[in-house]
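As structure tokens, the structure follows; a few thoughts come after it.
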There are 2 protein chains.
Amino acid sequence: MEITIKTLAAELNLSIATVSRALQDSHEVADKTKRRVLEMAGKLNYHPNPYASSLRKQKSKTIAVIIPEIANNFFSFALKGIQKVVEKEGYNFLVYLTEEDLEKEIAITKQLQSGRVDGIIIALSSQTDSVSHLWDLHNMKIPMVFFDRVCDQIDASKVYTNNFESAMNATSHLIENGCKKIGYFQLSNKLSLAERRMSGYKAALETHQIAFDEGLVLTCGTNVEENYQRIKGLISEKTLDGIFASVEALTITSYDVCKGLGLSIPRDMKIVSFSNLATAHLLSPPLTTINQPAFEMGMEAASLLFRNLTKYNAYPVVEKAEFKSVLMARESSVEVRPLP
Amino acid sequence: MEITIKTLAAELNLSIATVSRALQDSHEVADKTKRRVLEMAGKLNYHPNPYASSLRKQKSKTIAVIIPEIANNFFSFALKGIQKVVEKEGYNFLVYLTEEDLEKEIAITKQLQSGRVDGIIIALSSQTDSVSHLWDLHNMKIPMVFFDRVCDQIDASKVYTNNFESAMNATSHLIENGCKKIGYFQLSNKLSLAERRMSGYKAALETHQIAFDEGLVLTCGTNVEENYQRIKGLISEKTLDGIFASVEALTITSYDVCKGLGLSIPRDMKIVSFSNLATAHLLSPPLTTINQPAFEMGMEAASLLFRNLTKYNAYPVVEKAEFKSVLMARESSVEVRPLP
DNA sequence: CTGTTAGCGCCTTCAT
DNA sequence: ATGAAGGCGCTAACAG
């Protein structure tokens, strides 16, 4: 930085204090003085040093967004929603990726104990079982909002969808279309979200009097090639006629496997998945997806967070926003209709 | 913040300076002292205040990434590449979206004159014609790397692909497959990137002795519905038999329009596009794309930036890393082969 | 090897 | 309505 508040003060024959107040549009400074200051600031192209300000005020006008993955329609749309609100509030946001790795998540949250950010939006990694690192943040009273992959144990604001119901409806949809052996592919069995989706799957089976078979459940990792092989193995071994992919990444892999095996979809195999693929309606064969309203969820998460950042709240606001996912059936590549 | 370097110093009967040095692993402090300090820091769960440090050192260990769009395979993979390098260097990154809006881009760059970040990676918005806001940053000697949508006028590091050649090859591919009237859909006619792609398109036409027709060029905006209508209009009006979509967003829209018009692809219409769609190989009909190596480009951009951030470089490094895009022909939904 | 001192740029009592 | 002074937490001379 070259030109500071001090430069302005000297240039205008004012005290530093007055200039500072003028820049903050304080009521206790003469309008005329304000104008002089602003004008000079413009002329000299003055920009306040955010770090000096953060240090002094102990707040950074910055939030952190921690997500497991970014190259993914769900999270990138969520980011877009978050950024929209963040921008409106005049904040900045830092992005951190855990890549589904608990160790990274811990390292990141530890870093954030430094007070670098005023608040945090976090979607847990699929490996996160212990949450003590989150307790640390929570105990420091850093406002947090859990996003999609929420943490049940901690009482903070949360934004998520009707996972149980959606999974149940989607599974029922498969069953009602003739599936008997439905594989369930997930990324985690540690998250509460995973549990809810799985429960929905089980509930649908139960309703239709199909026995739940542990052997049809596949918990995948982050290695695409490995997932491919495991999915391929399970499909052949168990002669599946239906697939429920509980995350976007596994949707594409499942598709690829079916194509590779020469399975005709939907004749030999029906697929349903949580997924926000932009091209779902152009895929061949058509894909029935459970769409989460990522953008709106992102906006809501940021809004909740900012409610906790305003100094007027003496106590943290804890709210839970439950969004509805939409089950989109695509029976052909042109017909697209939401299911109940 | 509760516990600071001062607390540690008091607790250990050391001076603040010594503690600070120990924490930075300075060579001029006794190993024993270092260990004591580190141990106490761990015990008290001390975290250095990044803003105090930034203020003092006049560097923030933070960079800004300015992109026009995030819900998009190209930019989200690029971000992933950037984050990988950023993480390795122990930096943080702020994300800013321009949403293809020059005004926003100007506002953001103005903000960044405050010294909030040590360096900037930027992909210009499609509306950016004037670049005076970038000159301001450049004149302040803030290291910048232009990414993909580069700025020719400013002498800084740049990362981009062989746009001319790729566009030429793709267009030739269409022509050699029988297309006579190839529509060219773009988002901008202001960027140098747009110009290069367009030149490639023209060069291919010329080589094949097809007259360039201005009327087949459509410069779209950010309104999806409007783009849809304009594309639809042009296809019908000009009876196109081929489409070159120069950005990912227009690829999907073009597809939708063809489906809507009942055009059979590739019989009635052949399409080629710059696009990093994850599902390109699953689309029906198959899509021939020009894939940009987004992840690698992101890593390279960040690496170039960091080379300029090390204090050992007295003068800015300017490098241009031209990456090769890969033209992928997909004649059926299973066959995928790179073209020359 | 350790301590003392002087700020980085800004905000905020407290005084006038 | 304005000014003076102190300090946010940390680092970097400069001493010793």
Side-chain angles (χ1 to χ4, degrees), chain A residues 1-38 40-41 44-62 90 111-118 140 311, chain B residues 1-38 40-41 44-62 90 111-118 140 311:
Chain A
M1 281 307 300
E2 279 289 82
I3 118 126
T4 74
I5 231 178
K6 206 164 149 189
T7 329
L8 292 183
E11 208 72 25
L12 293 162
N13 280 321
L14 283 172
S15 76
I16 291 177
T18 306
V19 175
S20 172
R21 278 186 283 242
L23 291 170
Q24 290 167 87
D25 201 21
S26 158
H27 44 279
E28 51 180 346
V29 67
D31 274 2
K32 197 183 115 204
T33 313
K34 272 188 200 170
R35 256 175 284 122
R36 282 182 61 214
V37 172
L38 266 334
M40 183 59 76
L44 299 187
N45 195 27
Y46 165 77
H47 289 275
N49 182 319
Y51 296 119
S53 170
S54 294
L55 176 59
R56 182 58 235 254
K57 298 208 287 199
Q58 301 288 44
K59 57 192 303 271
S60 57
K61 288 227 142 206
T62 303
Q111 233 242 86
L112 293 180
Q113 292 186 33
S114 64
R116 184 182 285 280
V117 296
D118 297 339
M140 294 179 75
K311 62 180 169 189
Chain B
M1 280 306 303
E2 278 290 78
I3 119 125
T4 74
I5 231 178
K6 207 163 148 188
T7 330
L8 291 183
E11 208 72 26
L12 292 162
N13 281 322
L14 283 172
S15 76
I16 291 177
T18 306
V19 175
S20 172
R21 278 185 286 241
L23 291 170
Q24 290 167 86
D25 201 22
S26 157
H27 43 278
E28 51 180 346
V29 67
D31 275 2
K32 198 183 116 204
T33 314
K34 273 188 200 169
R35 256 175 284 121
R36 281 181 63 214
V37 172
L38 267 333
M40 183 60 75
L44 299 187
N45 197 27
Y46 165 77
H47 290 276
N49 181 319
Y51 296 120
S53 170
S54 293
L55 175 58
R56 181 60 235 249
K57 297 207 286 198
Q58 301 288 46
K59 57 192 301 273
S60 58
K61 289 225 142 206
T62 303
Q111 231 244 87
L112 293 179
Q113 292 186 33
S114 65
R116 184 182 284 281
V117 297
D118 297 340
M140 294 179 74
K311 61 180 170 190

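Values below: every heavy atom of this structure, side chains too, minus hydrogens, waters and symmetry copies. Below, chain A is the first sequence line, B the second, and so on; all start at residue 1.
For B:Arg56, the side-chain atoms get nearest to D:dA12 when compared with the rest of C:dC10, C:dT12, D:dA12.
Rounded to whole Å, atom P of D:dA13 lies 12 Å from atom NZ of B:Lys57. For B:Leu55 and C:dC8, the CG to P distance is 9 Å, given to the nearest whole Å. Rounded to an integer number of Å, the gap from B:Arg36 CZ to C:dT2 C1' is 12 Å. Whole-Å rounding puts the B:Lys59 NZ to D:dA12 P distance at 10 Å. A:Lys6 has its NZ atom 13 Å from the P atom of D:dA4, to the nearest Å. C:dG7 atom C1' lies 11 Å from atom CD of B:Gln58, rounded to whole Å. Nucleotide D:dG3 holds its C1' atom 15 Å from the CG atom of A:Leu12, rounded to whole Å.
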Donor-acceptor contacts, no H, no angles, side chain residues 8-23 of chain A, under 3.5 Å, sequence neighbours left out:
{"from": "A:Ser15", "atom 1": "OG", "to": "A:Ala17", "atom 2": "N", "distance (Å)": "3.4"}
{"from": "A:Ser15", "atom 1": "OG", "to": "A:Thr18", "atom 2": "N", "distance (Å)": "3.2"}
{"from": "A:Ser15", "atom 1": "OG", "to": "A:Thr18", "atom 2": "OG1", "distance (Å)": "3.0"}
{"from": "A:Ser20", "atom 1": "OG", "to": "A:Gln24", "atom 2": "NE2", "distance (Å)": "3.1"}

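With rounding to the nearest 0.5 Å, the separation of CG in A:Asn45 from CD1 in A:Ile3 is 8.0 Å. Atom NE2 in B:His47 sits 12.0 Å away from atom CZ in A:Arg116 (nearest 0.5 Å). Atom CE of A:Met40 is separated from atom CG of A:Leu38 by 12.0 Å, given to the nearest 0.5 angstrom.
For the salt bridge (charged side-chain N to carboxylate O under 4.0 Å, His left out) condition, no pair includes a residue of residues 49-61 of chain B, sequence neighbours left out.
Dashed line: the shortest gap from a side-chain N or O of A:Thr33 to OP1 or OP2 of D:dA1 is not under 4.0 Å. Between B:Tyr46 and D:dC10, a side-chain N or O to OP1/OP2 separation shorter than 4.0 Å is present.
Under the rule for a salt bridge (charged side-chain N to carboxylate O under 4.0 Å, His left out), the partners of A:Lys34 that lie at least two apart in sequence or sit in another chain are A:Asp25. Every side chain to side chain donor-acceptor pair (under 3.5 Å) that B:Ser60 has, sequence neighbours left out, goes to B:Asp118. In terms of the salt bridge (charged side-chain N to carboxylate O under 4.0 Å, His left out) criterion, A:Asp31 has no residue partners (sequence neighbours excluded).
Nearer to the 5' terminus of DNA chain C, by closest-nucleotide assignment, is the contact made by B:Lys34 (compared with the other of B:Ala52 and B:Lys34).
Of the residues in residues 13-20 of chain B, those lying under 4.0 Å from DNA chain C by heavy-atom distance are B:Asn13, B:Leu14, B:Ser15, B:Ala17, B:Thr18. Listed by residue number, the members of residues 21-32 of chain A with any heavy atom below 4.0 angstrom from DNA chain C are A:Arg21, A:Gln24.
Considering only heavy atoms from C-beta on, B:Asn49 comes within 4.5 Å of A:Gln58 through its side chain.
As judged by a 4.0 angstrom heavy-atom cut-off over every strand, A:Ile5 is placed among residues touching the sugar-phosphate backbone only.
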